[in-house]
Amino acid sequence: MNDAGLPLPKPTIMPLGDAALLVRFATALTPEANSAAVALAQALGGDRVPGVVEIVPNLVSVLVRYDPLRTDPAQLAGELRLRLARLDSAGTSGTQHRIETRFGGAEGPDLDEVAGLLGLTAAEFVQAHNRAPLRVLATGFAPGFVYCGFHPPELVLPRRTTVRRAVPPGSVLFAAGQTAIAATEIPTGWHVILRSGCGRPNAAGSG
Amino acid sequence: MSAAITIVRAGPLTTIQDEGRHGLLASGISASGPMDAAGFAHAAELVGVDARGGIEFTTAGLELAVTGGACRIGWAGGAFTARHNGEPVNWPGAAQLETGDRLGITPGPAGNYGYLRFDRDLEVPAVLGSLATSSRAQLGGLAGQALQAGDRLVLGNSATGQPRRHPPAPVPADNSFRVIWGIHADLFSPQARQAFVAGRFDVTAQMDRMGVRLRDTAGAFAGAGALSLVSDAIVPGDIQILGDGTPIVLMRDHQPTGGYPRIATIISADLDRFAQQRPGTAIAFQPVSVEHAHRLVRGETV
């Protein structure tokens, strides 16, 4: 999926500690900033910049870890600006995945409440939720965890006011216009609406 | 010829570590690795070879027995009390242990973390390229768990690699911890930033491999209020401020991303020393430039 035609937000390049730079496209989560972060991380992933040891896309930024003995932040920022100048967020590529899920009941204790808050029946909510494919916005919160979005405005709910100390692997979470899948047991303030087959992967492997 | 050791007694946070599982932040896995990397390296120097893996222990102490073969063990990090078959030995130090020998560690005058390194590779399976135990992701080490009494560890191939020198960075005269201003420093008021630099913070007992909670004795962040931020990348040494004003320094098993504002990041050269500060210690922070931090990484005098 891509977001062709969206203008690239102007990024800020700042140090994060003494061994990383953060390229931040916004301070709020917008589709434009997220697409730019994904596009920059993809571009950097295929282009070995000297001294860079790890590239991590986040919701609206890219973390660029470097070896201070092999490069310095001024030189690295220059390399990043060169690549930003020719970055095209329409150029990102992706693969569509279909996730099998079980809805409601003990598997999704908040499904009825979420549907009710949105003025829908559970079945209507499920239908609305699954109407269009979502894009993976970011990984990295926990092993195998994915943030997906964005839902249309009529499907946006804030988080719960209380945090559950642990939800089981495979829980499908819903809040803030997004759906997330937890592959490991995590604490969360998001609504638990379904369960997917995405349990804890072997040694928490792929992202 | 291999050797084996058996854990006789272990504190709850005794873990197998190596240099860390780097490069997996996008998969939600922070690198782990020793809380005091210089201490970990020093123990290998005392052994004389750089064998794979080592044991990190805490002030809860550790006792082990050699239950097969013989091996050379080095110990360093902090200042603990060590006994070889009941007889006190120097800290840091190293010794050859034979079958039936025991090594006991109890807390000493300083430090939270100590290390044992061996002259042979620790025979535990590498997970995603590393032996390091991640208390957060529960992988590495022995089935992703801390070591406990009864665990038996096999020491396999003799190592021959020379240990890398990892001399501790020079400590500033005022014993402060140097920081780079954080990615959210501009969201704090000038008064809060000034109080962060001028104030003292007490290390509390709420510490583990994920983070160290500080007590904001001067109230630098009182009334800072909760900010709503987009989750962003975290690195070890980041100092995040909770909604109630509590500072937490994120350590080797940190969460890979987080949504609390971060005022500053402790520099690489000072993070080992920070990890060794005991509860009750009052500490101060001193902002420096990234360039200054890099001169310390290169071992240059500043």
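In the text below, chain A, chain B and the rest are named by the order of the sequence lines, each starting its count at 1. Scope of the values below: all heavy atoms of this structure, side chains included, with no hydrogens, waters or symmetry mates.
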For A:E54, all residues meeting salt bridge (Lys or Arg N to Asp or Glu O under 4.0 Å), sequence neighbours excluded: A:R65

Region of A:L69 in contact with chain B, defined by heavy-atom distances below 4.5 Å: side chain

Heavy-atom proximity to chain A below 4.5 Å, by part of B:T265: side chain

For chain B, the option from A:V60, A:L29, A:L22, A:T27 that forms the most heavy-atom pairs under 4.5 Å: A:L22

Chain B contacts, top residue of A:L16, A:D72, A:T12, A:I55 (heavy-atom pairs, under 4.5 Å): A:L16

Choice from B:I183, B:V288, B:V235, B:V290 maximising heavy atom contacts with chain A below 4.5 Å: B:I183

Ring geometry between B:F177 and B:F274 (parallel below 30°, tilted from 30 to 60°, perpendicular above 60°): perpendicular

Distance-only side-chain donor-acceptor flag, B:S134 / B:D253, under 3.5 Å: no

Between B:Q17 and B:T15, a side-chain donor and acceptor under 3.5 Å: yes

Short N-O contact, B:E19 and B:R164, less than 4.0 angstrom: yes

